[in-house]
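Notes to accompany the following structure.
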Amino acid sequence: MTDGKSTMSASDAMAGFVAEQWTRVTGVGVDPHEYRRVTDGLASVAEWGPAFLRTGREHLERAEDAGSPLSAGTHLLAAARWFHSATLAPYAEAARAAAAADDALGRALALLEPGARRVSGEGFTGWLRIPPAGPAGPAGRGGGAVGTVIVVPGLDSAKEEFLDLASALLARGLAVFAMDGPGQGVLAASSVLVPEYEEVVGRVVDALGVPRVGLVGLSLGGYFAARAAALEPRVAAAATVSGPFRLDWDELPPPLQDMVVRRTGGVDAAREFARHVDLAGLAPRITAPLLVVDGGQDVIPGVTNGEPLARSAPRGTHLSVPHGDHLLGNARPDWLPRLADHLAHTLTGA
């Protein structure tokens, strides 16, 4: 009887986790039918990572057997999405999955977008992608683009997660640098999260060689982006999606606390990091046009969402989508075009 209850508990936990991750993973671009096929056979959350890693490898095999560079690149992008999604559950091989996602994305861009360039520096790495109509210019720095947007991930996200956002920005003539910063994505195994993200953004802007940038941050990346917009004068436009205005460590759910502990290197470091996540003093210093996107169904204990940020920033606008969940993967038409237009219009002056 005890074993039966344990099995049922693990199964129920798996079913709940699969349902919670549905809009996020399919929003990443994972095929929803393939997602159901892979997750239907999982008995516990512990099986999530290995199953997703295995599926990513299947796409690598398809890429090797593909009949064209386009097909191979498409399978490599799928592999990158599956590898990254493997890291969303506690998994001992998360670092290997993140490295596999990074490698698959690089191989995909080499086939699909030869003008894309890897740019790395102290505390960051990522890919600079150039819009189809814009020539790469010197050193692949996006000389033909009308502006450059840096995409900042959050607590457990990475540059591989927001390919649809990058596509929307590229379609509007903007160059896009999708990055991993300290404690994120492929850098999570060798570094920890830092609150002073404006310093990282400053080094990115230096490396890109552009006079100003747009900045969009997602989830915890929204805090990073807002902080950088307040403290880095070269940020000319900003947007946040599901970003926290403030964190109250004692109120955060245990799974979220555990994640912060893992990404910061310990309990004391996690508490100190959470203490810094408070934009009350910084919001009035954000002079760039700022769009703050929140989902009405995104309610997490201990997390204050973005409405106070939009209200306190001199040029802030708040977009609340009542049915949107965290990262609003279930409501993309309600915010993604508007966010992309906001950045394009602000950077181009149109």
Side-chain angles (χ1 to χ4, degrees), residues 123 150-157 181-184 192-202 204-205 213-253 256-257 259-261 263-264 267-322 324-328 335 339 342-343 346:
I150 300 171
V151 179
V152 178
L155 178 60
D156 64 344
S157 53
Q184 297 172 318
V192 296
L193 293 172
V194 296
E196 302 85 6
Y197 212 93
E198 71 281 0
E199 298 176 4
V200 183
V201 170
V204 170
V205 178
V213 297
L215 200 59
V216 54
L218 300 104
S219 191
L220 183 63
Y223 161 73
F224 292 142
R227 180 183 173 106
L231 299 173
E232 169 52 65
R234 291 172 292 179
V235 176
T240 69
V241 180
S242 296
F245 179 76
R246 181 184 295 112
L247 294 183
D248 183 340
W249 174 261
D250 292 330
E251 297 295 326
L252 293 178
L256 188 53
Q257 288 185 343
M259 194 180 303
V260 179
V261 169
R263 294 293 175 127
T264 57
V267 175
D268 291 341
R271 286 181 174 274
E272 181 65 13
F273 178 87
R275 186 182 66 80
H276 280 87
V277 183
D278 186 342
L279 292 168
L282 291 173
R285 300 175 60 179
I286 302 174
T287 58
L290 170 69
L291 177 65
V292 177
V293 181
D294 279 329
Q297 301 302 311
D298 182 16
V299 180
I300 303 174
V303 179
T304 302
N305 289 338
E307 192 276 334
L309 171 62
R311 180 168 17 95
S312 302
R315 303 171 70 185
T317 300
H318 189 230
L319 173 59
S320 179
V321 181
D325 56 14
H326 189 64
L327 291 173
L328 296 96
W335 64 271
L339 182 146
H342 162 76
L343 291 166
T346 303

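Computed from a predicted structure; not experimentally measured. The first residue of the sequence shown is numbered 1, and numbering continues consecutively from there.
- Shown here are the side-chain contact (heavy atoms from CB on, under 4.5 Å) partners of R311, two or more places apart in sequence or in another chain: E307, P308.
- Considering every non-hydrogen atom in both L215 and A229, the closest pair reads CD2-N, 4.4 Å.
- The two residues V192 and P182 come nearest to each other via the heavy atoms O-CB, 3.2 Å.
- For the atom pair CG (N305) and CD1 (I300), the distance works out to 7.0 Å, reported to the nearest 0.5 Å.
- Looking only at side-chain heavy atoms (C-beta outward), E196 and R227 come within less than 4.5 Å of each other.
- L309 approaches A226 most closely through the heavy-atom pair CD2-CB, 4.0 Å.
- Between the NE2 atom in H326 and the CG atom in L218 there is a gap of 9.0 Å [rounded to 0.5 Å].
- The shortest heavy-atom contact between L339 and L291 is CA-CD2, 3.7 Å.
- Of all non-hydrogen atoms in A270 and V260, the two that sit nearest each other are CB-CG1, 3.7 Å.
- When every heavy atom of A237 is checked against every heavy atom of T346, the shortest pair comes out as CB-CG2, 3.5 Å.
- Between L290 and T240 the shortest side-chain heavy-atom distance falls below 4.5 Å.
- Within the 4.5 Å cutoff, side-chain heavy atoms of V235 are placed close to those of V213.
- Below 30°, between 30° and 60°, or above 60°: for Y197 and F224 the angle between ring planes is below 30°, a parallel geometry.
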